[in-house]
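What follows is one structure encoded as structure tokens, with my remarks underneath.
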Amino acid sequence: MRVLVTGGAGFIGSHVAEALRDAGHTAVTLDVLLPQAHSGRPPGDAGVDLVCDVRDGEAVERALRGVDVVCHQAAMVGLGADFGDAPDYVGCNDLGTATLLAAMARRGVRDIVLAGSMVVYGEGAYTCTEHGPVRPGPRREADLAVGRFDPPCPRCGAPLAPGLVGEDAPTDPRNVYAATKLAQEHLCAAWARAVGGRAIALRYHNVYGPGMPSDTPYAGVASFFRSALARGEAPRVFEDGRQRRDFVHVRDVADANVAAVAALTGRPEGVLSAFNTGSGTQHTVGEMAWALAEAHGGPCPVVTGDYRLGDVRHITACSARLTEDLGWRPRVGFAEGMREFARAGLRARAGADVPAR
């Protein structure tokens, strides 16, 4: 099949395009080359077939000629610097998705795989010993400031036990980026109903691996730690380092996209299906920092107690549906992946190279 990969020069998108080609598909890449992710890289060196903004409907429609499926990876990612980023997030992520879907409707392209995110859930699943499953609200800054990082039971204030989130859990985005990722899913669902299309949203967990952008305000925690180590600095771990995440390797995420492309032909029309996409193993942020530092040869991480409003405490999800329905399984284990990532190159920031050791 001929697959258009938006954001195809990006960290995840470039791996998706490579995996599609390895699977025998023709991958056509489109990217606007945002400086946050591609600083210092001229268009000719970016490995992209078409440089254009996904919000340019005419250019996108031309790119869709002969295309069977779209893998929509293009997005502005991360928590951002402050709420002043909101217009950029909404413009890139939601207006961009709407423009793409409109162009697909005009071209008659009826299949899409969306790069979703686990951030749509907000906090993860929690259980109170007295009240059973509960959904805590956003953490209060007053609690964070004095080191009370774990959300209490909203009914009795008792400590909670975190668990796994399933795809049927209610959504509760806690920051602008999360809100735009949920809006992307809603747009794809509305498009599928309107045109009889088929859509799959892969709700990525914390993706890491070779080629991550270095430490910009839009990078992920794995990139922050890896960038610090490359500079000879200690990774700085927020809160107490015990916040739980599922770190999934970018090659496994790329394989999930290939599986989703293959599965679209058998999916019902007019429906968006969501799949959690994680490694199936949970680790704390502190464990990840220590694993990277050890594999890199130091320095040792520093737990700061600092925090960011909009971050959630624990978010890990069950990816069994993706395995059972699409036959996908992660291949890269945590220890193996961290050893590789500790010495892999990162994408340069501000035009400067971040060397691998």
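The residues of the chain are indexed from 1 along the displayed sequence.
- Looking at heavy atoms from C-beta onward, R226 lies out of side-chain contact with M212 at the 4.5 angstrom threshold.
- Under the 30°/60° scheme for interplanar angles, the aromatic rings of Y208 and F247 are found to stand perpendicular.
- Of the charged side-chain nitrogens involved, at least one lies within less than 4.0 Å of a carboxylate oxygen, so that R198 and D111 count as a salt-bridged pair.
- In summary, the side chains of Q243 and Y307 do not present any donor paired with an acceptor at a separation below 3.5 Å, with no hydrogens or angles considered.
- G124 and I315 get closest at one heavy-atom pair: CA-CD1, 3.8 Å.
- Counting heavy atoms from C-beta outward, L309 and E141 have side chains that approach closer than 4.5 Å.
- Side chains of W290 and P235 form no contact here, defined as non-hydrogen atoms less than 4.5 Å apart.
- Between the T127 side chain and the G132 main chain, no donor and acceptor come within less than 3.5 Å of each other.
- When all heavy atoms of H296 and A342 are compared, the closest pair comes out as CD2-O, 3.0 Å.
- Both Y89 and V77 belong to a single network of hydrophobic side chains, linked directly or stepwise wherever heavy atoms of I, L, V, M, F, W or Y lie under 4.5 Å apart.
- Within the 4.5 Å cutoff, side-chain heavy atoms of R139 are placed close to those of D311.
- S227 contributes no side-chain N or O that, together with a main-chain N or O of F224, makes up a donor-acceptor pair within less than 3.5 Å.
- R321 has a carboxylate O that lies under 4.0 Å from a charged side-chain N of D168, or vice versa, which qualifies the two as a salt bridge.
- The pair R155-E130 does not meet the salt-bridge criterion, since no charged nitrogen lies less than 4.0 angstrom from a carboxylate oxygen.
- Using modelled atom types and a 3.5 Å distance limit, the side chains of S319 and N276 yield no donor-acceptor pair.
- Residues L202 and V253 are not in side-chain contact: their nearest non-hydrogen atoms beyond the backbone lie 4.5 Å or more apart.
- Considering all non-hydrogen atoms of both residues, F334 and M288 come closest at CZ-CA, 3.8 Å.
- Taken together through direct or relayed side-chain contacts under 4.5 Å among Ile, Leu, Val, Met, Phe, Trp and Tyr, V250 and L322 form part of one hydrophobic cluster.
- When atom types are taken as modelled, the side chain of H249 and the backbone of R251 share a donor-acceptor pair closer than 3.5 angstrom.
- Residues A125 and L164 come closest through the heavy atom pair CB-O, 3.5 Å.
- Contact check for E185 versus R203: side-chain heavy atoms found under the 4.5 Å cut-off.
- Residues F149 and F238 do not share a hydrophobic cluster, defined by chaining ILVMFWY side chains whose heavy atoms lie under 4.5 Å apart.
- If you run salt bridge (Lys or Arg N to Asp or Glu O under 4.0 Å) between E239 and each of R313, R244, R308, only R313 comes through.
- Under a hydrophobic-cluster definition in which Ile, Leu, Val, Met, Phe, Trp and Tyr are linked whenever side-chain heavy atoms come within less than 4.5 Å, directly or via other members, V271 and F275 are assigned to different clusters.
- Nearest heavy atom pair, residue N206 against residue R245, reads OD1-CD, 3.5 Å.
- With no hydrogens or angles considered, a side-chain donor-acceptor pair links S279 and D246 at under 3.5 Å.
- Few gaps surround CD on E167; more than 12 heavy atoms of other groups in view lie less than 6.0 Å from it.
- In this structure, T316 and P162 have side chains that are not in contact, with every pair of non-hydrogen atoms separated by 4.5 Å or more.
- Neither V60 nor V5 shares a network with the other; the hydrophobic side chains, linked directly or stepwise wherever heavy atoms of I, L, V, M, F, W or Y lie under 4.5 Å apart, form separate groups for each.
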- Between R110 and E269, does a salt bridge (Lys or Arg N to Asp or Glu O under 4.0 Å) hold up when you go through it step by step? CA-CA 9 Å; R110 295 291 183 262; E269 295 181 356; over 6 Å; no
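- In this structure, R331 and D252 approach most closely via the heavy-atom pair N-OD1, 2.8 Å.
- Heavy-atom contacts from other residues, nucleotides or ligands closer than 6.0 Å to CZ of R242 number 12 or fewer.
- Just one residue in the list H186, H72, R55 forms a side chain to side chain donor-acceptor pair (under 3.5 Å) with T97, and that residue is H72.
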